[in-house]
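Owing to the predicted nature of the structure, the values given are computational and were not obtained by experimental measurement. Residue numbers start from 1 in every chain, and the chains themselves are labelled A, B, ... in the order their sequence lines are given, proteins ahead of strands.
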Amino acid sequence: MPHDHHDHDHPHALLPPDPALRVKALETILTDKGLIDPAALDEIIDTYQNKIGPQNGAKVVAKMWSDPEFRAAMLSDPMPLLEEMGFYGRQGEHMVIVENTDDVHNVVVCTLCSCYPWPLLGIPPGWYKSDAYRSRVVREPRKVLQEFGVNIPEETSVRVWDSTAEIRYLVVPKRPAGTEGLDEAALEALVTRDSMVGTGLALEPAQ
Amino acid sequence: MTRVHDMGGRFGDGAVDPSDNAVFAKDWHARALAVTLAAGALGQWNIDASRHSRELLSPKDYGRFSYYEKWLSALADMLVSQGVITEEELRSGTGQGESPISAKALKAASVAATLSKGSPYARTEAPDPAFQAGDRVRTRRPSRNTLVDGGHTRLPAYAAGATGTVKLLHGAHVFPDANAHGFGEAAEPLYAVAFSARDLWGQEASAQDEVILDLWQSYLEPA
């Protein structure tokens, strides 16, 4: 069987030790060779800093809370609707939407790397990529959720989704009580990023 | 049989810090992400090869590097191994002359279109599904790439040799164990398989809790 020969060959050791300088060095080399357009880098950063983030996912959740037909379609075949809403793209090609209820609490992780639904939630926060979250949430999800201030009742099942393929999972948090009269825009404001990963709950209207 | 990235279930990492919630805690983090995406757009490797290049970091480096340092190191290694840049260029910090593939460089004007186009991994040409929802299946043990010793695989060690129930059929998807190593896409049926938390972790886990993983057909056998 062939071996992974790269095991003994790590050119990255040639880069400067300071990580900020390492980025700079790679950017300079690639720009010198015409392989990178620095303006494209600015555009990528602007996209994930300002345009794509949890506000997209919150729109989907608020609409699912408000529109039973949309909710049913999102649970059975979400991709056509997500494309229609403009929430399709890199790291969100194959979405599955899972709903929290009184019986089931869903939480998402990627134990092997950091897979995350970019078009709906943007780039993952530090804790999602941390060793502590990746190693522990599959083994002791209830304890990890307590570290986020979330207590799941014993009678509710916890379902941990380990994103081991290109399927990306979005959690629909339970709709908080006392939100019956709110329109979609007001509901969106209650849907936090963490609630769509499963490490948080949707906010109460007064919070 | 495992590599350092395969950490699901590991003890000793301490509490999760929910206040570590920035997307880009430092400016260079954003730049590292952007350089990696722009270099990926040159089309010289696929996502599975790029994940594997991060897994190939030595356990020592993997442990001491921050998240985006892993990305940068893996990127430098791939750029050299694919012949996009040379070790000499890495050492000097400057590029020597225009690259023959510079026409592939991602331009600012095409960033939005490229990111929103995505890259679907579902395929129609693949073996027929061997399992249906509700079937009991057992995963391969040990978890390993059967094509390359120490190669890329997406069956975490904690779920190797475990018995679970097929929950969802996702259709056929590109097979990372082959695709990461230049053996083609070799698409296979992909399933969400649910394991009882107690089967994975023992009696301390809650009886009603589950862990669900997306697993390719060749990782599974009937149980």
Which portion of [X] sits near chain A, non-hydrogen atoms under 4.5 angstrom:
X        : result
B:Thr153 : backbone
B:Leu90  : both
B:Ala30  : both
B:Val84  : both
B:Phe24  : side chain
B:Ala41  : neither
B:Leu115 : both

Do you know which of [options] has the most heavy-atom pairs with chain B at a distance under 4.5 angstrom?
options                               : value
A:Ser135, A:Ala40, A:Pro141, A:Ala39  : A:Ser135
A:Ser163, A:Gly53, A:Ser114, A:Ser130 : A:Ser114
A:Thr47, A:Val144, A:Thr28, A:Leu26   : A:Leu26
A:Ala25, A:Ala165, A:Cys113           : A:Ala165

> Does atom CG of B:Asp17 have more than 12 heavy-atom neighbours, drawn from other residues, nucleotides or ligands, at distances under 6.0 Å?
Replying inline: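 Counting other residues, nucleotides and ligands, CG of B:Asp17 exceeds 12 neighbours.
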
> Mind checking whether B:Leu190 and A:Glu166 have side chains closer than 4.5 Å, heavy atoms only?
Replying inline: no

> Does NZ or CZ of B:Arg123 fall inside the cone over B:Phe175's six-membered ring, less than 6.0 Å from its centre and within 45° of the axis?
Replying inline: no

>> At a 4.5 Å cut-off on heavy atoms, which part of A:Pro19 comes close to chain B: side chain, backbone, both, or neither?
In response: both

> Can we say A:Asp131 and B:Arg10 salt-bridge, meaning some charged N sits less than 4.0 Å from an Asp/Glu carboxylate O?
Replying inline: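 Yes, A:Asp131 and B:Arg10 are salt-bridged.
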
> Taking NZ, NE, NH1 and NH2 as the nitrogens, is one of them in A:Glu43 or A:Lys51 under 4.0 Å from a carboxylate oxygen of the other?
Replying inline: yes

> Should the pair A:His12 and B:Phe65 be assigned to parallel (<30°), tilted (30 to 60°) or perpendicular (>60°) ring geometry?
Replying inline: perpendicular

